[in-house]
Peer 1: 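Take a look at the following structure, please.
Throughout, residue positions are numbered sequentially from 1 according to the sequence presented. For the numbers below, each heavy atom of this structure counts, side chains included, while hydrogens, waters and symmetry mates do not.
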Amino acid sequence: MIAPEDCTEDLLLGGRVRLRQPRRGLRAGLDAVLLAAGIPARPGQSVLEAGCGSGAGFLCLAARVPGLRITAVERDAGLAALARENAAAAGLAVEVIEGDVRDRALARRLPPFDHAFANPPFWPGGTAPPEKGREAMTHAMGAEAARLVDWARFLAAPLARRGTLSLILPAARLDAGMAALAGAGCAGTLLLPFWPRQGRPAKRMLLQARRGGRGPARISPGLVLHGPGEGFSPAAEGVLRGAAPLVLEA
């Protein structure tokens, strides 16, 4: 378990979300907020998050869309416990399951979902960051590590037909992300780039496909994160602090 003194309490979405998370290692950043803003969920629907960490993603989604039925899966016991505590503190009845995305039996036991999403480890090996815990967030290390296709298949297994599957990834992993979604039986993929500044290449992207979907892949206009100065652009401020949804289509 993670001791209280090893955690910080942070605010997301302009204070709408209060999150206790590890002081070092696996800490939530912009990715969790952006990913949650891209889930096209409606009140009363069911959602599944894999690799939820301390719960930043589903907490941000619940703050934007009330009345969701939320299930989350996390492999690390300490983070799963934190996610439960954060959900309870927010007054949310979230089921947090300690489990691995390579566990196909677990995927088969889950009920149907309208939407599924994850911010998976995105680099297949290589040099992991030095901070303890961050390697699990950014690098799929070792022969037993889950691959992107494992994440996509786990999320797709309980997904209702035409339900959405969303992944946030580095732009350099576009090919692998598209292949993972296709391998999980999801198509009609929408690519939403996150531009650091106007005219700069995207470093992050949201990939969203539908189970049993059809049609060609599409590219959204995306979101420019920073304006001419040091601050966020007005559109990014609306998403990151105002709890606005991402505009997925023009």
Side-chain angles (χ1 to χ4, degrees), residues 1-39 41 47-65 68 70-92 94 96-98 101 115-123 128-140 151 155 166-170 192 194 196 203-207 223 225-226 232 236-246:
M1 304 299 288
I2 302 173
E5 61 271 21
D6 293 330
C7 293
T8 62
E9 186 167 281
D10 303 292
L11 300 177
L12 302 174
L13 287 184
R16 292 172 178 83
V17 170
R18 190 176 298 273
L19 177 75
R20 287 185 64 243
Q21 59 179 334
R23 190 177 300 278
R24 297 178 179 274
L26 201 60
R27 292 179 57 81
L30 291 183
D31 285 2
V33 184
L34 293 170
L35 175 60
I39 311 305
V47 297
L48 169 66
E49 181 178 11
C52 70
S54 54
F58 70 69
L59 289 169
C60 288
L61 178 56
R64 185 170 61 81
V65 184
L68 295 173
I70 302 172
T71 300
V73 176
E74 171 55 49
R75 185 177 66 174
D76 184 275
L79 291 174
L82 266 181
R84 294 187 192 101
E85 293 172 10
N86 285 326
L92 299 173
V94 177
V96 179
I97 300 169
E98 189 179 329
V101 298
H115 306 281
F117 62 101
N119 177 14
F122 35 75
W123 297 119
E131 298 93 338
K132 180 177 176 56
R134 283 189 59 84
E135 71 277 3
M137 178 174 67
T138 61
H139 284 63
W151 286 82
L155 291 165
S166 303
L167 302 173
I168 190 166
L169 294 167
L192 189 150
F194 297 111
K203 295 182 178 180
R204 285 285 192 278
M205 62 181 179
L206 177 74
L207 286 179
L223 178 69
L225 295 175
H226 293 93
F232 290 111
E237 282 278 355
V239 171
L240 297 172
R241 297 199 173 98
L246 286 170

Peer 1: Counting N and O atoms only, with roles assigned by atom type, does the side chain of Arg64 sit under 3.5 Å from a partner on the main chain of Ala36, one being a donor and the other an acceptor?
Peer 2: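 Checking the backbone N and O of Ala36 against the side chain of Arg64, a donor-acceptor pair under 3.5 Å is found.
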Peer 1: Counting only pairs under 3.5 Å, give me each side-chain donor-acceptor contact of residues 55-63, with atom names and distances, residues two or more places apart or in other chains.
Peer 2:
none

Peer 1: Walk me through whether Val17 and Val33 qualify under side-chain contact (heavy atoms from CB on, under 4.5 Å).
Peer 2: CA-CA 10 Å; Val17 170; Val33 184; over 6 Å; no
Peer 1: Kindly write out the residues that satisfy ring-ring contact (aromatic ring centres under 6.0 Å, His included) with Phe232, not counting sequence neighbours, or none if the list is empty.
Peer 2: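 For Phe232 the ring-ring contact (aromatic ring centres under 6.0 Å, His included) partners, ignoring immediate neighbours, are His226.
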Peer 1: Within the 4.5 Å heavy-atom criterion, are Leu79 and Pro22 side-chain neighbours or not?
Peer 2: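 Yes, their side chains come closer than 4.5 Å.
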Peer 1: Any side-chain heavy atom of Pro170 sitting closer than 4.5 Å to one from Arg204?
Peer 2: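 Heavy-atom side-chain distance check passes, below 4.5 Å.
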Peer 1: Does the side chain of Ile70 come within less than 4.5 Å of Val96's, by heavy atoms?
Peer 2: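 When only atoms from C-beta onward are counted, Ile70 and Val96 do not touch, as no gap falls below 4.5 Å.
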Peer 1: Hey, what do you get for OG1 (Thr8) to CZ (Arg20), rounding to the nearest 0.5 Å?
Peer 2: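 Here the interatomic distance stands at 9.0 Å.
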Peer 1: What's the verdict on side-chain contact (heavy atoms from CB on, under 4.5 Å) for Leu240 and Leu30, showing C-alpha distance, side-chain angles and the deciding distance?
Peer 2: CA-CA 8 Å; Leu240 297 172; Leu30 291 183; 3.9 Å; yes
Peer 1: Distance check, rounded to the nearest 0.5 Å: Leu12 atom CG versus Leu19 atom CG?
Peer 2: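 Atom-to-atom, Leu12:CG and Leu19:CG are 5.5 Å apart.
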Peer 1: Do the non-hydrogen side-chain atoms of Pro120 and Leu169 ever get within less than 4.5 Å of each other?
Peer 2: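 Of all side-chain heavy-atom pairs linking Leu169 with Pro120, at least one is under 4.5 Å.
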Peer 1: Do Val65 and Ile39 have side chains that get closer than 4.5 Å, going by heavy atoms?
Peer 2: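 Sidechains of Ile39 and Val65: no contact.
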Peer 1: Which is it for Leu246 and Phe194 under the side-chain contact (heavy atoms from CB on, under 4.5 Å) test, yes or no, and what are the steps along the way?
Peer 2: CA-CA 11 Å; Leu246 286 170; Phe194 297 111; 3.9 Å; yes
Peer 1: If you look at every heavy atom in Pro245 and Val239, which pair is closest and at what distance?
Peer 2: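 Scanning both residues, the minimum pair turns out to be O-CG2, 4.1 Å.
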Peer 1: Determine the sole option in Ile2, Leu82, Asp76 for which the side-chain contact (heavy atoms from CB on, under 4.5 Å) test with Ser54 is passed.
Peer 2: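 That would be Leu82.
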Peer 1: Working to the nearest 0.5 Å, report the span between CD of Glu74 and CZ of Arg84.
Peer 2: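 So the CD of Glu74 and the CZ of Arg84 are separated by 10.0 Å.
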Peer 1: Is a side-chain donor or acceptor of Arg18 paired with a backbone partner of Glu9 at a separation under 3.5 angstrom?
Peer 2: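 Absent.
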Peer 1: Look at the side chain of Arg241 and the backbone N and O of Leu13, then say whether any donor-acceptor pair between them is shorter than 3.5 Å.
Peer 2: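 Looks like no, no N/O pair under 3.5 Å.
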Peer 1: Working to the nearest 0.5 Å, report the span between SG of Cys7 and CD of Gln21.
Peer 2: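 That separation rounds to 8.5 Å.
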Peer 1: Say you draw a straight line from CG of Leu35 to CG of Asn119; how long is it, rounded to the nearest 0.5 Å?
Peer 2: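 Output value for this atom pair is 6.5 Å.
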Peer 1: Do Thr71 and Ile97 come within less than 4.5 Å of each other through their side chains, counting heavy atoms only?
Peer 2: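 Yes, their side chains come closer than 4.5 Å.
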